[in-house]
Amino acid sequence: IVSRAFQCLGLAQRSPSGFNEQPFRIILVSQCEAKQNLASYCIGRNAYRVRDSDCSAVFLADRESGRNGKRYNEMLRASMIF
């Protein structure tokens with residue numbers, strides 16, 4: 001499941017976002033202890049869903065990515081899949 005999720009996320013990185021920035025990072029959580037820790041920050045039934053999942057994806061937005069040209073270019077290069 002984790003390798004399949006990673007493959008899907010790799011394809012999603014190629015899809016456009018506003019201004020084609022893709023200003024986000026993704027963390028895949030699949031280990032039981034890590035899912036338990038993540039679930040403690042969830043609201044309502046989402047905690048159960050995280051604990052019960054094979055893999056959960058956490059999307060982290062980088063809202064400052066477009067303000068610093070050098071940092072923005074580094075982020076784009078780091079996100080490229082060859």
Side-chain angles (χ1 to χ4, degrees):
I1 296 290
V2 175
S3 63
R4 184 64 150 186
F6 189 74
Q7 180 183 20
C8 290
L9 291 172
L11 293 171
Q13 283 181 315
R14 296 179 183 177
S15 64
S17 63
F19 299 104
N20 204 27
E21 291 183 33
Q22 289 79 8
F24 58 85
R25 295 284 188 257
I26 304 166
I27 299 172
L28 296 177
V29 182
S30 61
Q31 295 178 345
C32 189
E33 183 179 339
K35 290 191 299 182
Q36 186 64 35
N37 288 337
L38 178 60
S40 69
Y41 293 98
C42 293
I43 298 171
R45 294 175 45 194
N46 290 328
Y48 169 77
R49 292 177 178 133
V50 167
R51 284 190 298 267
D52 192 47
S53 70
D54 291 325
C55 179
S56 291
V58 179
F59 288 78
L60 305 170
D62 184 357
R63 297 183 343 178
E64 300 295 318
S65 66
R67 294 181 188 232
N68 181 331
K70 181 179 177 185
R71 184 169 164 236
Y72 174 70
N73 286 331
E74 289 171 358
M75 182 206 54
L76 287 178
R77 283 189 200 107
S79 298
M80 290 180 164
I81 297 175
F82 296 97

Quick one: does Lys35's side chain have a donor or acceptor within less than 3.5 Å of a partner on Cys55's backbone?
no
Going hydrophobic residue to hydrophobic residue with side-chain gaps under 4.5 angstrom, can you get from Val50 over to Ile27?
yes
Arg49: what forms a side-chain hydrogen bond (donor to acceptor under 3.5 Å, both in side chains) with it, not counting sequence neighbours?
Asn46
Residue pair Ser56 / Leu38, side-chain heavy-atom distance below 4.5 Å
yes
